[in-house]
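Residue numbers run from 1 in the order of the sequence given. For the numbers below, each heavy atom of this structure counts, side chains included, while hydrogens, waters and symmetry mates do not. These numbers come from a predicted model, not from an experiment.
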Amino acid sequence: MIFSQLAFFKKGWPPVCWRMNWRLAGALLLALLGLFLVGARLAIFLASLPTAVNTPPLVIPTLREWHGGVGTFTLTSDARIVLDPSSASRLQATARVFQQDLQAVAALRLPIITQETPSNGDLLLTLKNNDSGIGSEGYVLSIADSLTISAHSEMGVFYGSRTVLQMLMQDPLKSHLARGVARDYPRYAVRGFMLDVGRRYFTPALLEDYVRLLSWFKMNEFQLHLNDNAPGAGERTDWRRQYAAFRLQSARFPGLAARDGAYSRADMASLQALARTHAVTILPEIDTPAHDLALTQYRPDLASPHASKEFLNLANPATMRFVEDLWSEFLPWFSSSQVHIGADEYALNDADRYRTFVNRLAAFLSGKGKTVRIWGSLSLMKSHVAVARNIVLDIWNNRWANPVQMVREGFQIVNMNDNLLYIVPRAGYYHDYLDTKTLYTRWQPFIFDLSNPRLNLAPNDPHLLGAMFALWNDKLNVVSDAQIDDRIEPAVRVLSQKLWSDATPLSYGQFEQLALQLSSVPGAHLPELPQPFEFTPHQQGEGGRSLSWSEPLALVTVWRRRL
């Protein structure tokens, strides 16, 4: 309008109109300037307002502490894995695993360098940490312009790397991390899984994948139950022909190793080398003096003359010499500071000899620098013979070993309660799958009986080292590797959550959804069940045979896993 009026003025408008139009233009310019100044002040005010801090990242197990920052850290191909010079030699192996797993998760192959200070965008690994509260396995993760994982041990740095990888896995671009500081450390020292390889052989490659699975969820013990036999086989007249297996193969004991699969020293060395770089301890178990049909078939002269032939004859002096010879041969195969000698379900009427055997074997192994763990049996194996208090008890059954009584007597214990933490595929008398929902919502590691509080410990009892779940193969080869894995993976996730963190911020359904997002373990090739498919009772199966409704148990487990 102003410009049109100026045009009219040129055509002969009087001067008074010209002055009025310029006054109007000035007023408009002043108004625009005022709006600009108000907008600038508003922008400054908005910039001064606090930006929302980042909420805790969702990982399994849950972070113990999180102090949120603002914005995100972006991982690029220019980033480097930087080792603090004072920690470099100790962290090389951890850095290489991190490098490999970053490539698997984020498709980036980052170089590993040694340098005092990281540049923006780098990932620093260091053992410089003054926080005594995080313990030997904890870590501090700081995500800002660069990313730092600091801890007191290689284990702590490794666990911090698992958190970073799980965070990246949930980002669509696999490159963004929420800024902030995590202070993370476990509740319990023992967080584990026991696999019965005695009754069913598992390849070394599959055992290595279970090491990767356990480490992915910060579980730290993998117990191998190395010898056993079919239940009740020692009571049969043809006991020498019943199934039994000892899974370690050595020229010193020709014919002892199982023909359907056994592990060489090289197999165990390779497994433990992987475990060391993944913060997992391999705990070997040679079970004596019961569950020993493989040993008595090899040495019939050592079988009990009055009870099941799977029992060693503890009245025979040759029995102890043979067991000590076994451990002398195989103990050098294992680097763990602790070994498991079994000691479960022996004859109740031979408690004195049983307890004496346990003490003598524990003393023998102690002389070789090892501490000992046994299956808790002392409540039923009553005797005047006191068992050494430095032996750790796996409390697997509340009748065989009352947890409250064992703590009162001064033992350190691990919760492996059979009613809560045992899987026995297709057996019918224990869980086929663990009740992970009940474990997640109602169970704690100090609970040994959900319905009888008198059997449970106080939440912070120092005698309780932690918990483990077990998978037993009583029925030998009734399920496939994939069906066994389908039982193991959900249990690992829930046990890791309950043993590491003291909180469950997610509902069980939300936790399961998160678990599905994190189910691809870097470097592992765990067996998978077939994908689900639609079928009717009249559809044809392989080879043209009809599928019946009684057959597709595997399909039920597929759907359960995919839900």
Side-chain angles (χ1 to χ4, degrees), residues 194-203 207 223-250 253-263 283-314 316 318-320 322-323 325-327 329-330 339-348 350 353-354 357-358 361 374-375 377 380-381 394 396-397 400 416 418 422-430 470-479 484:
M194 189 228 76
L195 182 61
D196 174 10
V197 302
R199 294 190 182 101
R200 188 185 189 283
Y201 178 70
F202 293 82
T203 66
L207 298 183
Q223 180 177 334
L224 300 179
H225 181 77
L226 291 163
N227 63 295
D228 217 316
N229 45 263
E235 298 166 9
R236 297 173 62 100
T237 56
D238 61 346
W239 60 272
R240 294 195 188 190
R241 294 192 296 273
Q242 292 296 307
Y243 186 81
F246 185 87
R247 297 295 181 192
L248 301 179
Q249 185 171 9
S250 168
F253 297 97
L256 175 59
R259 294 180 180 179
D260 63 339
Y263 307 112
L283 181 66
E285 178 195 349
I286 298 176
D287 197 354
T288 55
H291 297 278
D292 284 332
L293 199 62
L295 302 183
T296 58
Q297 287 174 349
Y298 181 72
R299 285 283 304 270
D301 59 306
L302 301 183
S304 171
H306 307 299
S308 171
K309 298 304 179 184
E310 72 171 80
F311 293 169
L312 292 173
N313 181 6
L314 298 185
N316 184 347
T319 294
M320 179 56 74
F322 176 72
V323 173
D325 285 345
L326 274 181
W327 278 110
E329 174 64 12
F330 296 113
V339 296
H340 204 298
I341 63 171
D344 58 320
E345 298 185 297
Y346 193 68
L348 297 180
D350 206 4
R353 289 194 181 98
Y354 163 86
F357 171 85
V358 168
L361 185 54
I374 68 171
W375 296 108
S377 305
L380 284 186
M381 301 298 289
D394 287 336
W396 67 277
N397 178 277
W400 279 92
M416 292 189 72
D418 53 350
Y422 271 20
I423 302 170
V424 187
R426 307 273 175 91
Y429 43 80
Y430 281 124
L471 189 142
W472 298 97
N473 292 295
D474 293 19
K475 299 299 180 180
L476 308 180
N477 289 301
V478 295
V479 291
I484 284 178

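- The aromatic rings of Phe253 and Tyr298 lie perpendicular to each other, with more than 60° between the two planes, well past the 30° mark.
- Inter-residue side-chain proximity for Glu310 and Thr296 is flagged as unmet; no heavy-atom pair is nearer than 4.5 Å.
- Side-chain contact between Leu348 and Trp400 is present, with at least one heavy-atom pair separated by less than 4.5 Å.
- To the nearest 0.5 angstrom, Gln249 atom CD is 9.0 Å from Phe330 atom CZ.
- Residues Ser250 and Glu329 approach most closely at OG-OE2, 2.6 Å, considering heavy atoms.
- Between Leu476 and Arg199 the shortest side-chain heavy-atom distance falls below 4.5 Å.
- Side-chain atoms of Asp350 and Phe311, non-hydrogen and from C-beta on, never get closer than 4.5 Å to each other.
- Side-chain polar atoms of Asp474 and Tyr429 form a donor-acceptor pair below 3.5 angstrom.
- With hydrogens and angles disregarded, a donor-acceptor distance shorter than 3.5 Å links the side chain of Thr319 to the backbone of Asn313.
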Side chain to side chain contact (heavy atoms under 4.5 Å, CB included) evaluation trace for Glu285 with Leu283: CA-CA 7 Å; Glu285 178 195 349; Leu283 181 66; over 6 Å; no

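- In this structure, a donor-acceptor pair under 3.5 Å is present between the side chains of Asn397 and Asp418.
- The shortest distance between side-chain heavy atoms of Leu195 and Leu207 falls below 4.5 Å.
- Panel note: side chain Gln242, backbone Thr237; no donor-acceptor pair is recorded below 3.5 Å.
- Asn229 and Asp292 get closest at one heavy-atom pair: OD1-N, 3.5 Å.
- The two residues Ala294 and Ala244 have their closest heavy-atom pair at N-CB, 3.4 Å.
- Remark: side-chain polar atoms of Asn316 are paired, donor with acceptor, to backbone N or O of Ala318 under 3.5 angstrom.
- Side-chain contact between Leu326 and Thr288 is absent, with no heavy atoms from C-beta onward closer than 4.5 Å.
- Taken to the nearest 0.5 Å, the CG atom of Asp344 stands 10.5 Å off from the CE atom of Met381.
- When ring centroids are compared, Tyr263 and Phe202 stay outside the 6.0 Å threshold.
- Side-chain atoms of Arg247 come within 3.5 Å of backbone N or O of Val197 as a donor-acceptor pair.
- Asn473 places none of its side-chain heavy atoms less than 4.5 Å from the side chain of Val478.
- There is no side-chain donor-acceptor pair under 3.5 Å between Asn477 and Tyr243.
- A distance-only check finds no donor-acceptor pair linking the side chain of His291 to the backbone of Leu293 [under 3.5 Å].
- In this structure, Tyr201 contributes its side chain and Arg259 its backbone to no donor-acceptor pair below 3.5 Å.
- Side-chain atoms of His340 and Trp375, non-hydrogen and from C-beta on, do get closer than 4.5 Å to each other.
- Remark: Arg240 engages no residue in a salt bridge (Lys or Arg N to Asp or Glu O under 4.0 Å) (not counting sequence neighbours).
- Between Ala343 and Ser377, the closest heavy-atom pair is O-OG, 3.2 Å.
- Pro300 approaches Trp239 most closely through the heavy-atom pair CB-CH2, 4.2 Å.
- Side chain of Lys309 to main chain of Ser304: a donor-acceptor pair is present (N/O by atom type, distance under 3.5 Å, no hydrogens or angles).
- For the atom pair CZ of Phe246 and CG of Leu226, the computed distance is 7.0 Å after rounding to the nearest 0.5 Å.
- Of all non-hydrogen atoms in Pro425 and Trp472, the two that sit nearest each other are CD-O, 3.1 Å.
- We find the CG-CD distance between Asp287 and Glu345 to be 9.0 Å, quoted to the nearest 0.5 Å.
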